[in-house]
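Notes follow the structure.
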Amino acid sequence: MWELALLGLATLITAASLAIVEWAQEQTLTLDLLKYIGAFVVLYLVAHVAVRRLAPHSDPVILPIVALLNGLGLVIIHRLDLGSAHGENGVVTHPEEANQQVLWTLLGVVVLVAVLALLRDHRTLSSYAYTIGLAGLVFLALPALLPASLSEVNGSKNWIKTGFFNIQPNEVSKVLLIIFTAAFLVQKRDLFTTAGRRVFGIDLPRARDLAPLLLVWAVAIAVLGLENDLGTPMLIFFTVLIMVYIATERVGWVVVGLLLAIVGAIAAYYMFAHLRVRVQVWNDPFKDFYGVGNQPAQALFSFATGGLAGTGLGSGRPTMVPFASTDFVVAAIGEELGLIGLTALLLLYLVLVFRGFRAALMVRDSFGKLLAAGLASTMAIQLFVVVGGVTDLIPLTGLTTPFISYGGSSLLTNYALVAILLRISNAAREPKVTRKPGQPIPDRQTEIVRRA
């Protein structure tokens, strides 16, 4: 019941926001409002029924937060559609991004239900860890192997373009590599927990044990160089580093990982011209305002215009920011909802990440713990990288905001991620089966538990 009540609240907030946007832009309410609200209600009602049937003990807070984030994303995209309206032969037309986002949401819910239906036990994934890891590397490398005409968008070769739609395979590889890393760390835990040399009170790993981390580091540098993509290497490397720390509880791995990140960043800066351009734009976005610095500079103007409380939904000018519906959707939210609204949005993500870590703490098996922690970590890192890039805290990376930005690849992948989290949460919250005297003990997987 809690999940259904929270979904009702998410629906109310989304519907009210859509009405405010339409009234501010059109001074009237259109049929689009009923279309979007109706689609939202039907999709998440289906998702609720499916989750309660397929994972009845799962966390009742996760799906409503995802619904509200997705709904607010639809609101912002619809608002940008209305703001981008233009006249042709006296007829006013609107872009169709909001309609397409509803379609992607439909497919996302289908992915959510399919994963829950097919994956009845998250531990099954560990049996196919190496196949999944190989698939993740293939998806990651595929755009680099294709010609630029089939893989390059806005300077980054991280797409696969078809005649009907474009997809980002690195979004899929992100989840696949997390699954592989969790299984690998559980199988090879002794390799990572072996103490090496003690320096300044920190146990550093032995040189011969660094091979897996060095391999991830090398893959990240290769992706950065071959695909002109800064966000995916950062996301993968730091997610793996956090998972290694969770598995080993040794600060030495974090120290080594951060040193590798610093060395890699310095080397990449001198090796790749596109990275130098991003750093220069980050250092001073107003130096080339009408060139490469236009996007981040306009985003900073949007935040300044929004101030504390924002201009109000539908009352700002977020269309001044290029790619406002994808890479810079946070700037549009900051302008129209202000610091207060943006903070509330970030708190929603914080609760979602916290619920992911809560499932990691509660689940009994080591693989589930690392998998849930890795999935929650990658969402937190992605949010930090996106918001940090848009606010000029770090260089721009090209990653999108989960569940809010326009696009199908990110949305579908994140729904699959949430489905796995729900499955782990269901296993963690499932009540223990009590055995009556005389009944045989049910089969359980044997697991070695380290002494605290």
Is there side-chain contact between Ile333 and Leu72, with heavy atoms separated by less than 4.5 Å?
no
Within the distance-only criterion (no hydrogens, no angle test), does the side chain of Asp81 pair as donor or acceptor with the backbone N or O of Ala98 below 3.5 angstrom?
yes
Min side-chain heavy-atom separation Leu275-Tyr270 under 4.5 Å:
no
With sequence neighbours excluded, residues passing side chain to side chain donor-acceptor pair (under 3.5 Å) with Tyr44:
Asn70, Tyr415
Audit row: Leu260, Val256, side-chain contact (heavy atoms from CB on, under 4.5 Å) steps and yes/no
CA-CA 6 Å; Leu260 285 174; Val256 172; 4.2 Å; yes
Looking only at side chains, do Arg358 and Ser425 share a donor and an acceptor under 3.5 Å apart?
no
Nearest heavy-atom contact between Arg423 and Leu116 is NH2-O, 2.8 Å
Please check this pair: side chain of Arg79 against backbone of Val21, looking for a donor-acceptor N/O pair closer than 3.5 Å.
no
Closest heavy-atom contact between Val102 and Ala39?
CG1-CB, 3.9 Å
Of the non-hydrogen atoms in Val363 and Asp365, which two are nearest, and what is the gap between them?
CG2-OD1, 3.4 Å
Nearest 0.5 Å, please: how far is OG in Ser366 from CD1 in Ile246?
12.5 Å
Could you pull out the closest heavy-atom pair between Lys174 and Gln382, with the gap in Å?
NZ-OE1, 3.0 Å
Without placing hydrogens or testing angles, list every side-chain donor-acceptor pair under 3.5 Å for residues 387-402, not counting sequence neighbours.
residue, atom, partner, partner atom, Å
Thr391, OG1, Val387, O, 2.6
Thr391, OG1, Gly388, O, 3.4
Thr400, OG1, Ser410, OG, 3.3

State, with a plain yes or no, whether a side-chain heavy atom of Arg250 is found less than 4.5 Å away from one of Tyr245.
no
Say you draw a straight line from CZ of Arg120 to CG of Leu54; how long is it, rounded to the nearest 0.5 Å?
5.0 Å
Look up atom CG in Leu140 and atom CG in Leu176, then write down how far apart they are to the nearest 0.5 Å.
10.5 Å
Test side-chain contact (heavy atoms from CB on, under 4.5 Å) applied to Tyr406 and Val329, step by step
CA-CA 8 Å; Tyr406 168 74; Val329 71; over 6 Å; no
Return the CG to CZ distance between Leu383 and Phe403, rounded to the nearest 0.5 Å.
11.5 Å
When rounded to the nearest 0.5 angstrom, what is the spacing between CG in Leu63 and CZ in Arg355?
13.0 Å
Got a donor-acceptor contact below 3.5 angstrom from the Ser58 side chain to the Ala55 backbone?
yes
Min side-chain heavy-atom separation Val51-Glu3 under 4.5 Å:
yes
Side-chain donor-acceptor pair under 3.5 Å between Gln168 and Ser409, yes or no?
no
Nearest non-hydrogen partners of Arg52 and Pro60, listed with the distance
NH2-CA, 4.2 Å
No-hydrogen, no-angle side-chain donor-acceptor test under 3.5 Å, Ser325 and Glu97:
yes
Do Glu336 and Pro318 come within less than 4.5 Å of each other through their side chains, counting heavy atoms only?
yes
Surrounding CZ of Phe354 (heavy atoms of other residues, nucleotides or ligands, distance under 6.0 Å), is the total greater than 12?
no
Does OH belonging to Tyr36 count more than 12 external heavy atoms closer than 6.0 Å?
yes
At what distance, to the nearest 0.5 angstrom, does CG of Leu74 lie from CD1 of Ile404?
11.5 Å
Is the shortest heavy-atom distance from the side chain of Phe40 to the side chain of Lys35 under 4.5 Å?
no
Checking side-chain contact (heavy atoms from CB on, under 4.5 Å) between Ile236 and each of Val219, Ile381, Leu177, which is the one that passes?
Leu177
Within the side chain of Thr378, is there an N or O that forms a donor-acceptor pair under 3.5 Å with the backbone of Gly374?
no
Working for side-chain contact (heavy atoms from CB on, under 4.5 Å), residues Leu258 and Phe238:
CA-CA 9 Å; Leu258 292 178; Phe238 284 107; 4.1 Å; yes
Could you tell me if the side chain of Thr181 sits less than 4.5 Å from the side chain of Val244, heavy atoms only?
no
Report the C-alpha distance between His122 and Asn426 in whole Å, list the side-chain angles of each, state the deciding distance to 0.1 Å, and finish with yes or no for side-chain hydrogen bond (donor to acceptor under 3.5 Å, both in side chains).
CA-CA 10 Å; His122 63 273; Asn426 182 75; over 6 Å; no
Step by step, would you call Leu68 with Ile13 a side-chain contact (heavy atoms from CB on, under 4.5 Å)?
CA-CA 8 Å; Leu68 182 54; Ile13 295 173; 3.8 Å; yes
Do Trp104 and Leu107 have side-chain heavy atoms sitting under 4.5 Å apart?
yes
CZ of Arg53: more than 12 outside heavy atoms within 6.0 angstrom?
no
Checking Leu4 now: which residues fulfil side chain to side chain contact (heavy atoms under 4.5 Å, CB included) with it, not counting sequence neighbours?
Leu45, His48
Heavy-atom pair of closest approach, residues Gly133 and Phe180
CA-CB, 3.6 Å
